[in-house]
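What follows is one structure encoded as structure tokens, with my remarks underneath.
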Amino acid sequence: MAHLVVHVVDLGISRTVGATAIALVGATSVVARVTVGHAADRLGRVRTFATCSAVMGAATLALPLLDAAIGLLAFALVYGFAYGGNGALLAPLTADLFGRSNINAVFGLLSTSLGTAGLVSPYAAGVGYETLGTYTPAFVVSGLAALVGAGAVVVAGRRRERVRGRRNSEASSQRGEKQ
């Protein structure tokens with residue numbers, strides 16, 4: 001998002017459209033934090049978070065193909081909604097996947113990785129732009145990373161379910177032995 005306005009201006013579109021796109025990301029993120037969180041209570045956090053991550057990735061991959069204001073604003077709406085959904089689910093999903101016993105340490109590590117990505121990514125995108133004259137590689141790498149992340153969340157969720165299933169099975173067999 002740090003380079004969105006420059007990208008829009010490079011397309012020959014006004015800075016106002018770029019700034020509006022960033023504002024739309026923020027606005028739809030707020031709406032999504034409530035609506036997606038509510039949906040996740042019904043559909044499951046892993047599935048919902050992975051879907052939001054995949055939508056963010058797909059939207060980012062599409063960004064280099066968008067060259068009109070309406071497309072860029074549509075990107076902002078879609079991306080912002082998915083981003084907000086992930087924002088609402090990050091803490092509870094972390095607890096679901098890693099347990100609650102060390103949640104502060106785990107969430108601290110997760111927050112550190114997000115902060116590091118937020119520090120390095122805009123710089124790397126800027127260097128790429130200065131070197132190649134385009135943000136396309138940065139958008140493609142970011143989009144692919146989001147898709148890989150969505151897959152990793154699904155795998156982690158399945159693994160967690162298998163571990164829980166094993167524990168429940170062991171607990172049931174232990175109760176049966178005591179009787």
Side-chain angles (χ1 to χ4, degrees), residues 1-5 7-8 13 15-63 65-66 68-122 125 138-139 141-161 163-164:
M1 292 294 102
H3 295 276
L4 187 59
V5 174
H7 173 67
V8 168
I13 301 170
R15 289 178 186 206
T16 302
V17 171
T20 301
I22 291 173
L24 283 174
V25 168
T28 54
S29 172
V30 169
V31 172
R33 287 174 191 269
V34 175
T35 58
V36 172
H38 184 69
D41 290 339
R42 289 174 169 58
L43 302 172
R45 288 185 190 119
V46 169
R47 178 184 299 164
T48 306
F49 190 92
T51 300
C52 286
S53 294
V55 167
M56 288 171 59
T60 304
L61 285 170
L63 192 53
L65 306 174
L66 305 174
I70 191 72
L72 294 163
L73 297 175
F75 157 82
L77 291 170
V78 170
Y79 183 92
F81 196 82
Y83 177 77
N86 275 1
L89 299 177
L90 188 58
L93 179 66
T94 301
D96 287 350
L97 294 178
F98 297 99
R100 289 167 177 77
S101 61
N102 295 313
I103 188 64
N104 292 328
V106 171
F107 200 74
L109 287 171
L110 181 61
S111 297
T112 299
S113 70
L114 292 172
T116 301
L119 176 69
V120 172
S121 297
F139 294 148
V141 168
S142 295
L144 291 175
L147 293 175
V148 168
V153 167
V154 169
V155 168
R158 288 182 181 158
R159 184 168 186 267
R160 182 73 177 169
E161 288 304 313
V163 168
R164 283 183 184 155

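- Note: Leu97 CG to Phe49 CZ = 9.0 Å, rounded to the nearest 0.5 Å.
- Distance check: Arg45 CZ to Cys52 SG gives 13.5 Å after rounding to the nearest 0.5 Å.
- Under the rule for a side-chain hydrogen bond (donor to acceptor under 3.5 Å, both in side chains), His7 has no partner lying at least two apart in sequence or in another chain.
- We find the OG1-CG distance between Thr48 and Leu43 to be 4.5 Å, quoted to the nearest 0.5 Å.
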Output side-chain donor-acceptor pairs under 3.5 Å for residues 98-120, partner residues at least two apart or in another chain, one line each.
from	atom 1	to	atom 2	distance (Å)
Ser111	OG	Phe107	O	2.9
Thr112	OG1	Gly108	O	2.8
Ser113	OG	Leu110	O	2.7
Thr116	OG1	Thr112	O	2.8

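- When all heavy atoms are compared, the tightest approach of Phe139 to Thr60 is O-CG2, 3.3 Å.
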With a 3.5 Å cut-off and sequence neighbours excluded, list the donor-acceptor pairs that the side chains of residues 69-92 form with protein atoms.
from	atom 1	to	atom 2	distance (Å)
Asn86	ND2	Ser53	OG	3.0

Could you walk me through whether Leu66 and Leu63 pass the side-chain contact (heavy atoms from CB on, under 4.5 Å) test, one step at a time?
CA-CA 5 Å; Leu66 305 174; Leu63 192 53; 4.2 Å; yes
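- Taken to the nearest 0.5 Å, the OG1 atom of Thr51 stands 13.0 Å off from the CE atom of Met56.
- Minimum interatomic distance between Ala150 and Ala54 (heavy atoms only, all atoms of both residues): CB-N, 3.8 Å.
- Judged purely by distance below 3.5 Å, without hydrogens or angles, the side chains of Ser29 and Arg33 pair a donor atom with an acceptor atom.
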